[in-house]
K.L.:
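Below is the structure I would like to discuss, written out as structure tokens.
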Amino acid sequence: MLVIDDVKNALLSKYPHLNLDKVVFEPCRHHELGDLSTNAVMVLKKQGDFESFIVDFLTNHPIVETVNTTKGFINIRLKKEFWVEILKNILKDGELKPHLEGQGKTINVEYVSVNPTGPLHIGHARNAVFGDMIASLFDYFGYHVTREYYVNDAGGQIDALVSSVQLRIKELNQHPITDKDFSADMYRGTYLIPVAEKVQQEKPTHLKSFIVERMMEAISHDLKDLGIHIDTFTSEQNILNQGYLEKAFKILHERGDLYHGVLPPPKGHDGDWEEREQLLFKSTTYGDDTDRPLQKHDGTWTYFAGDVAYHLYKISRHYDVLIDVFGADHAGHILKLQSAVHAMSGGNTPLHIRTCQMVNFLDQGVPLRMSKRAGNFVTLRDLIERIGKDPIRFMMASRHPSTTFDFDFEKVVEKTKENHLFYIQYAHARICSVLKRAKSHGIEPLFHEHLLSDDDVFLIKMMYDFSRQMVLSLKHLEPHRICQYLYDLATHFHQFWEKNRLLNVDEPVITQHRLAVVVGVQKIIQRAFKVLKIDPLDEL
RNA sequence: GCGCUCUUAGCUCAGCUGGAUAGAGCGGCGGCCUUCUAAGCCGUAGGUCAGAGGUUCGAAUCCUCUAGAGCGCGCCA
């Protein structure tokens, strides 16, 4: 934004000592008062009284129409030329390009990372979509993004998976099996039957990796249908084979962050606690609440140790920033992982961890109680086939990540304003429809500056806010802001539609002009949807 | 017992990391289709921002405590 930089520069050139960090221009809360407001006077109060200086400066600024002050704010109304330029830029570039702040920087976003023991279910969807949109946002701002999935293919769960497949093979060979043949940790899902068949056909030499590959094929296929492409699948087994566990041990040991000791029992963990000496990581040094075990009592590595090794591997790949996306049920891992990364990278590799909360699923208002054991969980595939990828992506991304919310299978495909995605698509479809109709009359969009109306400006202002919302979404890693913004934009458009008849064959010039204005909206929706990876609809 | 996250209108959610009179939708009430998609638009009613303190020019937002909800808490991953 030009005005704010001009004001800041003017202030600094006269008062070089000023701290202007908190000075911002924002869209004016009250439309009657102006277009933009600044808190400068209030924020700078302690450093001096700069009101008359700023007001004078703004009054003489070439793109400022009027200036007023109320309740400590300075409000400005911009000249129409400003909005003319904004719309021209949108029509030319298809958007409003924020300056690319991430050019050259590399970033690794790890998300989904579901154990390869079964198909993705709907409980995995939020993490997958949220992580993917975080990655998309970084793409948008010019970072080099790696989308990564960590495959837990080394633990006891995988052994149980292999046993489960072997049991299914037995079943294929005319040995009837019952529920009793499955031990508690085994997987009795019928999705393993085709895997067993494949094993029989191909007789692989490495059974375990063969099975994991089949599971990962299914998972990536489901992800693809949700619009997600993972760049790098990193195998836990591979990390271990490459000796990263030992490397991590060595680094932490040399730093003096390891010791053998006994953890205190968690409070309320009365009778069944048995004190055991373990190899511990001194994560309390880095802000954790308690030290964390790298080895079990028997000297074998813990799951956490594997995670530490994996993050050392990520550090060794020299990204500027690492991001992990966890479900709320893994929030307990944040501090210990960040401690480990801090220790191993010497504080040089920032690790941001974002969690998204659980989702309550409902079908026509009835809560779904899923249990993996009972086998009544809904697969992601089933949901995609039932309602499509876009409603899932939009809904999963449209809520603040740290709040739980209700996801009703029926409500997200309703064709009413209550369904935000529909409402936005409706705006887009209306624009496409009227453009098509105008074209059949030989009328194409064409912007006429001198026809710019107050209603046009009202709509252009909303388009102008796009780049600011994108910046905020990135800054806070909160893609839901984009969804919220699009809904507001759609609201403004629908109001505009009701007030201003777009197509009038008797008035071709005004028709051209209004079409050009709504093409701006169309382009912004398309650009935002590209980031969300949602397909805009030309008709409903 | 401890930790993390949450609590905003009857319901579902926003609230621009401390700014102006806290906003939308649904539901309620009342209006708007001979013209581009009424799958929409307009008006109206509805609030002690869970509660109590604190920080300051200013708090839904930051801190402390209390209550309630969800998730988690070595020897699973």
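Chain naming here is simple, since letters A, B, ... match the order of the sequence lines and numbering starts at 1 in each.
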K.L.:
Under 4.0 Å between any heavy atoms, over every strand shown, what does A:Lys411 touch: base, sugar-phosphate, or nothing? Just pick one.
P.N.:
nothing
K.L.:
Taking atom types as they are modelled, is there a donor-acceptor pair under 3.5 Å from the base of B:rA20 to the side chain of A:Ser37?
P.N.:
yes
K.L.:
Say whether A:Thr284 and A:Asp289, considering side chains only, have a donor N or O and an acceptor N or O under 3.5 Å apart.
P.N.:
no
K.L.:
State whether A:Gln484 places a side-chain N or O below 4.0 Å from either non-bridging phosphate oxygen (OP1 or OP2) of B:rG15.
P.N.:
no
K.L.:
Remember a base hit wins even if backbone is also touched, and classify A:Tyr487 as base, sugar-phosphate or nothing at under 4.0 Å, heavy atoms.
P.N.:
sugar-phosphate
K.L.:
Taking pairing as Watson-Crick or G-U wobble with both contacts under 3.5 Å, can you name the mate of B:rU37, or confirm there isn't one?
P.N.:
none
K.L.:
Could you work out which one of B:rG25, B:rU17, B:rC13 sits closest to the side chain of A:His476?
P.N.:
B:rU17
K.L.:
For a quick check of understanding: with a heavy-atom distance under 4.0 Å over all strands, which category does A:Arg399 fall into, base, sugar-phosphate or nothing?
P.N.:
sugar-phosphate
K.L.:
When all nucleic acid strands are considered with a 4.0 Å heavy-atom cut-off, which category describes A:Thr70: base, sugar-phosphate, or nothing?
P.N.:
base
K.L.:
Just checking A:His420: base, sugar-phosphate only, or nothing, at a heavy-atom cut-off of under 4.0 Å?
P.N.:
nothing
K.L.:
Using a 3.5 Å distance criterion without hydrogens, assess whether the side chain of A:Asn419 forms a donor-acceptor pair with backbone atoms of A:Glu414.
P.N.:
yes
K.L.:
Considering just the side-chain nitrogens and oxygens of A:Ser433, establish if one lies under 4.0 Å of OP1 or OP2 belonging to B:rC36.
P.N.:
no
K.L.:
Does A:Asn75 contact B:rA20 through a side-chain donor or acceptor facing the base, at a distance under 3.5 Å?
P.N.:
yes
K.L.:
For A:Ile334, which contact category applies under a 4.0 Å heavy-atom criterion: base, sugar-phosphate, or nothing?
P.N.:
nothing
K.L.:
Looking only at the side chains, is there a donor atom on one of A:Thr234 and A:Glu148 sitting less than 3.5 Å from an acceptor on the other?
P.N.:
yes
K.L.:
Atom CZ of A:Arg430 to atom P of B:rA38: distance rounded to whole Å?
P.N.:
4 Å
K.L.:
If B:rC76 has a Watson-Crick or G-U wobble mate with both distances under 3.5 Å, name it; if not, just say none.
P.N.:
none
K.L.:
Ignoring backbone atoms, establish whether A:Tyr423 has a side-chain N or O less than 4.0 Å from OP1 or OP2 of B:rC26.
P.N.:
no
K.L.:
When both hydrogen-bonding distances must be under 3.5 Å and the geometry is Watson-Crick or G-U wobble, what is B:rU56 paired with, if anything?
P.N.:
none
K.L.:
State whether A:Lys417 places a side-chain N or O below 4.0 Å from either non-bridging phosphate oxygen (OP1 or OP2) of B:rG40.
P.N.:
no
K.L.:
For B:rA67, give the paired nucleotide (Watson-Crick: N1-N3 plus N6-O4 or O6-N4; G-U: N1-O2 and O6-N3; both under 3.5 Å), or none.
P.N.:
B:rU7
K.L.:
Does A:Thr404 put a side-chain nitrogen or oxygen below 4.0 Å from OP1 or OP2 of B:rC6?
P.N.:
no
K.L.:
Only pairs with both distances under 3.5 Å count, Watson-Crick or wobble alike; so what is the partner of B:rA45 in this structure?
P.N.:
none
K.L.:
Taking OP1 and OP2 of B:rU37, is either one under 4.0 Å from a side-chain nitrogen or oxygen of A:Arg437?
P.N.:
yes
K.L.:
Counting heavy atoms from C-beta on, name the nucleotide in B:rG74, B:rA38, B:rC57 closest to the side chain of A:Leu263.
P.N.:
B:rG74
K.L.:
In terms of ring plane angle, is the pair A:His420 and A:Tyr487 parallel, tilted or perpendicular, where the classes change at 30° and 60°?
P.N.:
parallel
K.L.:
Can you figure out which of B:rU37, B:rG15, B:rC71 approaches the side chain of A:Asp329 most closely?
P.N.:
B:rC71
K.L.:
Going by distance alone, is a donor N or O of one side chain under 3.5 Å from an acceptor N or O of the other, for A:Tyr111 and A:Asp324?
P.N.:
no
K.L.:
For side-chain contact (heavy atoms from CB on, under 4.5 Å), just list the numbers for A:Ile323 and A:Glu110, CA-CA rounded to whole Å, side-chain angles, deciding distance to a tenth of an Å, and then say yes or no.
P.N.:
CA-CA 6 Å; A:Ile323 294 183; A:Glu110 185 218 325; over 6 Å; no
K.L.:
Which is true for A:His400 with a 4.0 Å heavy-atom rule: it touches a base, it touches only sugar-phosphate, or it touches nothing?
P.N.:
sugar-phosphate
K.L.:
Is there a side-chain polar atom (N or O) of A:Lys71 under 4.0 Å from OP1 or OP2 of B:rG58?
P.N.:
no
K.L.:
Give the nucleotide from the list B:rA20, B:rU35, B:rU37 with an atom nearest to the side chain of A:Arg501.
P.N.:
B:rU35
K.L.:
Tell which nucleotide pairs with B:rA20, taking only Watson-Crick or G-U wobble pairs whose two distances are both under 3.5 angstrom.
P.N.:
none
